[in-house]
Amino acid sequence: MATTFSSELLPQLFPYVTQAKLTSNCHNIFVVRCRGHIPNESKSRSPQKVMVSTEARSTQLQPHDSTEPNFLKLLSRSCKAAKYNEALYFLECMVNRGLKPDVILCTKLIKGLFSLKNAEKAVRVMHILEQYGEPDVFVYNAVISGFCKVNKTNSANEVLSRMRVRGFSADVVTYNIMIGSLCNRGKLGLALKVFDQLLQDNCKPTVVTYTILIEATALEGGIHEAMKLLDEMLRKGLQPDMYTYNAIIRGMCRGGLIDQAFHFVRSLPAKGCKPDVISYNVLLRALLNQGKWKDGEKLVAEMFSRDCEPNVVTYSILISCLCRDGKLDESLNLLRVMKDKGLNPDTYTYDPLISAFCREGRTDLALEFMDYMICNGCLPDIVNYNTILSAMCKNGNANQALELFGDLPQMGCPPDGGKLWLWRQQTLF
DNA sequence: ATAGGGTTAG
């Protein structure tokens, strides 16, 4: 089958890549060159990191020896620089010297450690606060949220009882974290039970609570049920915001009710709101999914005229749908247009193009394209790699796939659950 | 200092 893209277009778009095309193992060359830009947190705990600079000298906040570093300041700096392991070290130095830990910094630190997937250390910070400082509900919410995000419900519940034992009761944010987590895992029924608990606990739901439930309900129970929740929150005097309305719009679009979605969007000004770029993106996606390109174009024009300019996601949607319809030339063209407008394509933007090259049986071009994105400051994520790995396996190039697979950890992109999937693919051969 | 939104693979 002939490729649907013109090979002349590539050199114009990717001069750097095509120039290097003839060198073998091009992918790795780019990888090595670009890896230097990957920000890498210093994990150093060496004493020379704990130097006192003049501006780090003692202030009035914490009494300490003037020959000793100001650990509070160092802690704050490390947190700001997202060096959380280092920050934990300074926190430990602080409390070892009898200084009281700062609760706000510790909350940040907990979030940061969870983002490094280090729940254990995050819990250690909570313990330090309990022992040497004064934890508050923000701290416990951060820990509960961290556990919920990695689906450790039991640990989250333990923290919940722990905070209660210490005299803190769950607030609406605590409830929203738990409700949101359940909804994300498709357990709307349980989420609604927790919602009942919230009400019995004479805790007042907020617009966020209802928005979470509306989103999940639109997905599971349909838009009709979701609209009932919208009515309920209005009856309670809660004012929906664009998060809420966009959840409704998305629900309508997902159910194929595009006309109703448009009608709803047109009614927003009367409700004191106006559609934002997300509302438009949802509508655009729905139109293009039905192949309504003319209407899509009109909508994009409206975005410009309504002072709601297309953003990276808008372009990603257009590029994705063009690729789906086999219009690779136009996709590549659009990629250039968005870059000219100063928008930075991300992994979502590039993936449909990678996918399109793969569909043409050109995993070689897909790899080159990946080099191109790396050199444009966008590191491929696991989805991008899986796109290529999958194509390689399908084309019977399992060895090539395995080689690339082996490179993932050093690319700063360790394989996900797709590892199992890869082995499943392998058994086909 | 904490909670909710749009677009990628299989």
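All chains are named by letter (A, B, ...) in the order of the sequence lines, taking the proteins before the strands, and each is independently numbered beginning at 1.
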Name every residue in residues 339-352 of chain A that has at least one heavy atom under 4.0 Å from any atom of DNA chain B, in order of residue number, or write none if there are no such residues. T347(A), Y348(A), D351(A)
Name the closest nucleotide to the T206(A) side chain, picking from dG6(B), dA3(B), dA9(B). dA3(B)
Taking the side chain of S390(A) as heavy atoms from C-beta outward, which of dG4(B), dG10(B), dA1(B) is closest to it? dG10(B)
Which nucleotide sits closest to the side chain of R250(A): dA1(B), dA3(B), dG6(B)? dG6(B)
Nearest to the V383(A) side chain among dG4(B), dA9(B), dT2(B), which nucleotide is it? dA9(B)
So, with a heavy-atom separation below 4.0 Å from DNA chain B, the residues of residues 292-314 of chain A are N311(A), V313(A)
From the options dA9(B), dA3(B), dA1(B), select the nucleotide whose nearest atom is closest to the side chain of K149(A). dA3(B)
Over how many whole Å does the gap from L389(A) atom CG to dG10(B) atom P extend? 12 Å
Quick one: R324(A) CZ to dT7(B) P, roughly how many Å, whole number? 14 Å
Can you confirm whether the side chains of T387(A) and D351(A) place a donor and an acceptor under 3.5 Å from each other? yes
Restricting to pairs with a member in residues 131-157 of chain A, which pass salt bridge (charged side-chain N to carboxylate O under 4.0 Å, His left out), not counting sequence neighbours? K100(A)-E134(A)
Could you state the atom-to-atom distance from CG of D276(A) to P of dT7(B) in whole Å? 13 Å
I want to verify a distance call: between dA3(B), dG6(B), dG4(B), whose nearest atom is closest to the V173(A) side chain? dA3(B)
Those residues at least two apart in sequence (or on a different chain) that pass ring-ring contact (aromatic ring centres under 6.0 Å, His included) with F195(A) are Y210(A)
Begin from the C-alpha positions of F405(A) and Y385(A) and carry the test ring pair (Phe, Tyr, Trp, His ring centres under 6.0 Å) through to its verdict. CA-CA 8 Å; F405(A) 179 71; Y385(A) 283 112; over 10 Å; no
Without decimals, in angstroms, what is the distance between D136(A) CG and dA3(B) P? 14 Å
Qualifying salt bridge (charged side-chain N to carboxylate O under 4.0 Å, His left out) pairs, either residue in residues 301-324 of chain A, two or more places apart: R266(A)-E302(A), E302(A)-R306(A)
Could you pull out all residues at least two apart from C378(A) that satisfy side chain to side chain contact (heavy atoms under 4.5 Å, CB included)? T347(A), Y350(A), M373(A)
In whole Å, I'd like the distance from the CZ atom of F405(A) to the P atom of dA9(B). 20 Å
Which ones in residues 218-243 of chain A lie close to DNA chain B, meaning a heavy atom under 4.0 Å from one of its atoms? D241(A), M242(A), Y243(A)
By ring-ring contact (aromatic ring centres under 6.0 Å, His included), F147(A) pairs with (sequence neighbours left out) F114(A)
Salt bridge (charged side-chain N to carboxylate O under 4.0 Å, His left out) partners of residues 218-228 of chain A, not counting sequence neighbours, each pair once: E225(A)-K228(A)
Qualifying salt bridge (charged side-chain N to carboxylate O under 4.0 Å, His left out) pairs with a residue from residues 165-184 of chain A, counting only residues at least two apart or across chains: E130(A)-R166(A)
Let's see if you can work this out: which of dT2(B), dA1(B), dG4(B) has an atom nearest to the side-chain heavy atoms of I104(A)? dA1(B)
In whole angstroms, the gap separating C1' of dT7(B) from CE of M338(A) amounts to 11 Å
In whole angstrom, give the distance that lies between atom CG of N141(A) and atom C1' of dG4(B). 15 Å
Could I get the full list of side-chain hydrogen bond (donor to acceptor under 3.5 Å, both in side chains) partners for Y175(A), not counting sequence neighbours? D201(A)
Using only atom types and a distance under 3.5 Å, with no angle test, would you say the side chain of S316(A) pairs donor to acceptor with the backbone of V312(A)? yes
Categorize T244(A) for me: base, sugar-phosphate, or nothing, with a 4.0 angstrom heavy-atom threshold over every strand shown. base
Please work out if S355(A) contacts a base, only the sugar-phosphate, or nothing of the nucleic acid, heavy-atom cut-off 4.0 Å. nothing
Which residues pass the ring-ring contact (aromatic ring centres under 6.0 Å, His included) test with Y140(A), sequence neighbours left out? F168(A)
Among dA1(B), dG4(B), dG6(B), which nucleotide sits nearest the side chain of V207(A)? dG4(B)
If I take atom CZ in residue F357(A) and atom C1' in nucleotide dA9(B), what distance separates them, rounded to the nearest angstrom? 17 Å
Without swapping roles, check the side chain of D325(A) against the backbone of K327(A) for a donor-acceptor pair under 3.5 Å. no
